[in-house]
Amino acid sequence: MRKRIFALTMAIMMATGLLSGCASQTGTNDSGSSESAAATAETTDAETTKAPEGTTITFWHSMGGVNGEAINTLVDKFNKENTSGIQVEAQYQGSYDDAINKLKSAQIGNMGADLVQIYDIGTRFMIDSGWVVPMQDLIDKDKWDVTQIEPNIAAYYSVDSKLYSMPFNSSTPILYYNKDIFEKAGITEIPDSLPGIAEIGDDLTSKGGAGEAISLGIYGWFFEQFICKQQAHYADNGNGREAAATAVDFDKNGAGVKTLAAWKELSEKGYAPNVGRGGDAGLADFSAGKSAMTLGSTASLKQILNDVNGKFEVGTAYFPKVSDDDKGGVSIGGGSLWALNNEDPAKQQAVWEFVKFLVSPESQAYWNSQTGYFPVTVAAHDEPVFKENIEKFPQFQTAIDQLHDSTPQSAGALLSVFPEARQIVETEIENMINNNGTPEDAVAKMAENINKSIEDYNLLNN
């Protein structure tokens with residue numbers, strides 16, 4: 001087990017060494033995990049149905065600012081109201097990248113947390129690590145009804161119908177648009193594709209007065225969503241869900257080139273100038289009224305509304321397709337909760353009680369109202385605070401509708417080296433735009449570099 005953890009540690013160090021800004025936001029490979037499976041089974045057999053009085057657990061999270069305040073409020077409420085005397089110590093670990101690196105170091109020293117929040121793109125690594133108790137094991141033991149969770153959100157964190165972590169802070173990307181500019185330009189139909197954006201680009205700038213048709217941040221997550229919209233796979237082996245991916249697939253199925261060709265057209269025509277890398281890169285120009293549209297996370301809605309501060313009316317629409325005839329949906333982002341296998345039945349049960357509290361309808365409605373993340377629990381929509389929030393921010397209904405209109409087949413890929421892959425994708429898109437490269441060359445370089453990272457990772461861990 002120590003050898004396996006060391007190998008995984010080396011792999012994650014390789015992956016995270018290139019990271020610069022993606023933390024603000026994606027069948028199982030069972031090789032080498034027999035020790036973990038045995039330990040998990042042994043722990044499960046020894047569990048009690050109720051955590052002993054006064055059990056204390058440590059919860060690592062990556063929510064700062066107002067999101068961190070919301071986390072602390074929920075933790076305080078649980079500590080005061082749970083009837084088992086369970087106490088949760090919430091510890092902010094910095095960015096998602098910081099958290100997974102600290103977890104890696106702690107596991108080497110055998111001093112991990114009991115529950116940890118990990119970003120979506122860390123999912124494959126966590127499954128492979130052998131460090132976790134799959135959430136499905138706790139669900140089955142308690143006979144908890146997993147259909148309480150939004151199916152399109154649960155699908156991302158599930159492999160072979162097994163939920164490995166509990167969704168918690170989930171989001172999807174949407175299109176934000178300036179209704180005032182659209183009205184001035186005489187445009188009544190919101191574009192739902194990249195070619196559709198190109199068609200109205202001139203009117204938005206010449207008639208609407210926009211400095212940019214769209215401020216499109218160069219972000220790996222957006223590239224992944226464009227692949228999903230085409231109903232194509234990002235990686236082989238069923239998007240890394242039937243077995244661990246051995247290579248990307250977007251270079252073979254044509255989805256990568258189609259995406260970059262449409263992206264380059266917007267750039268060359270001046271409709272989507274280079275505004276920088278990352279999911280938030282395009283938000284400043286939009287909030288300042290410079291760009292008519294931008295792409296961003298649903299969790300950015302409240303920040304955008306605060307920054308706009310009534311200067312114009314903000315509209316929201318579905319994330320655009322690459323081609324007009326695309327039929328796919330979107331994949332979720334954000335993070336989920338992972339139970340760590342510390343071979344302590346009391347703490348494991350306490351973790352489960354806390355997780356159930358966090359995904360209860362009341363907690364999820366509060367979390368949504370304070371942060372803008374989706375309520376992952378279906379029944380949260382019936383809570384008064386959720387209804388009040390939708391009434392106050394009707395733009396958020398777009399995110400709900402888009403989630404429900406997507407299918408579990410659009411759940412997206414699981415990839416062991418996703419953090420590094422995103423950086424590679426962003427670098428090649430940026431090079432294409434800045435150096436007038438071709439989509440074909442950019443996709444070929446993406447595939448070559450990502451495949452090398454996958455090969456190195458799999459060599460260390462198989």
Side-chain angles (χ1 to χ4, degrees), residues 1-6 8-9 12 28 30 32-62 71 74-93 99-118 122-123 125-144 146 157 162-168 335-360:
M1 174 62 79
R2 288 300 180 92
K3 181 179 179 181
R4 176 169 175 77
I5 289 175
F6 176 76
L8 284 163
T9 296
I12 197 67
T28 62
D30 291 328
S33 62
S34 58
E35 292 179 54
S36 173
T40 300
E42 185 179 49
T43 299
T44 301
D45 290 342
E47 282 178 346
T48 57
T49 57
K50 186 175 181 181
E53 188 78 18
T55 301
T56 298
I57 58 173
T58 301
F59 170 41
W60 286 3
H61 68 86
S62 296
I71 281 276
L74 289 171
V75 169
D76 289 344
K77 180 178 175 63
F78 176 80
N79 285 341
K80 291 176 182 177
E81 296 181 0
N82 82 85
T83 59
S84 298
I86 300 169
Q87 290 297 295
V88 177
E89 294 181 355
Q91 298 177 1
Y92 174 64
Q93 298 300 313
I100 203 166
N101 279 328
K102 290 179 181 179
L103 175 62
K104 167 201 65 183
S105 300
Q107 285 292 339
I108 289 177
N110 199 26
M111 297 186 300
D114 301 296
L115 181 70
V116 62
Q117 179 192 33
I118 298 292
T123 299
F125 173 82
M126 292 298 290
I127 291 174
D128 290 345
S129 72
W131 297 341
V132 306
V133 177
M135 201 60 64
Q136 192 70 50
D137 292 358
L138 306 179
I139 289 170
D140 292 345
K141 181 175 177 59
D142 195 33
K143 295 181 174 59
W144 192 77
V146 75
Y157 299 105
K162 187 172 189 175
L163 188 67
Y164 274 85
S165 61
M166 184 63 77
F168 176 61
S336 63
L337 306 175
W338 293 81
L340 299 181
N341 185 15
N342 289 325
E343 301 184 17
D344 186 326
K347 288 193 173 187
Q348 192 175 111
Q349 186 60 32
V351 162
W352 175 236
E353 294 301 324
F354 179 52
V355 167
K356 285 194 294 183
F357 167 81
L358 289 178
V359 298
S360 67

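For the single chain, residues carry numbers from 1 onward in sequence order.
- Annotation: ring pair (Phe, Tyr, Trp, His ring centres under 6.0 Å) contacts of F357 (sequence neighbours excluded): F78.
- Across M135 and L337, no two heavy atoms sit closer than the pair CE-O, 3.3 Å.
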TODO: Walk me through it: do M166 and L138 pass the test side chain to side chain contact (heavy atoms under 4.5 Å, CB included)?
DONE: CA-CA 11 Å; M166 184 63 77; L138 306 179; over 6 Å; no

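- In this structure K77 satisfies the side chain to side chain donor-acceptor pair (under 3.5 Å) test together with E81, sequence neighbours excluded.
- Listed here is the closest heavy atom pair of V359 and P167: CG1-O, 3.7 Å.
- The side chain to side chain donor-acceptor pair (under 3.5 Å) test applied to S360 returns S363, not counting sequence neighbours.
- Residues S62 and A99 approach most closely at OG-CB, 3.4 Å, considering heavy atoms.
- Using cut-offs of 30° and 60° for the angle between ring planes, the W144 and W352 rings count as perpendicular.
- Between the CD atom in Q117 and the CZ atom in F59 there is a gap of 5.5 Å [rounded to 0.5 Å].
- Shown here are the side chain to side chain contact (heavy atoms under 4.5 Å, CB included) partners of N79, two or more places apart in sequence or in another chain: V75, Q87, V88.
- Rounding to the nearest 0.5 angstrom, the gap separating the CD1 atom in I86 from the CD atom in E353 is 5.5 Å.
- Remark: F168 pairs with W367 by the ring pair (Phe, Tyr, Trp, His ring centres under 6.0 Å) rule, at least two apart or across chains.
- Separating the CG atom in D137 from the NZ atom in K162 is a distance of 4.5 Å, to the nearest 0.5 Å.
- With rounding to the nearest 0.5 angstrom, the CG atom of D344 is 11.5 Å from the CD atom of Q349.
- Of the candidates T55, T56, N342, N342 is the only one forming a side-chain hydrogen bond (donor to acceptor under 3.5 Å, both in side chains) with D114.
- Remark: side-chain polar atoms of N82 are paired, donor with acceptor, to backbone N or O of S84 under 3.5 angstrom.
- The CG atom of L340 sits 9.0 Å away from the CH2 atom of W131 when rounded to the nearest 0.5 Å.
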- [ ] Give the intermediate values and the outcome of side chain to side chain contact (heavy atoms under 4.5 Å, CB included) for residues I118 and F125.
- [x] CA-CA 10 Å; I118 298 292; F125 173 82; over 6 Å; no

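- Using cut-offs of 30° and 60° for the angle between ring planes, the H61 and Y92 rings count as tilted.
- Residues T58 and A113 approach most closely at O-CB, 3.7 Å, considering heavy atoms.
- Note: I127 CD1 to Y164 OH = 5.5 Å, rounded to the nearest 0.5 Å.
- For K102, the side chain to side chain contact (heavy atoms under 4.5 Å, CB included) partners are W60, Q93, not counting sequence neighbours.
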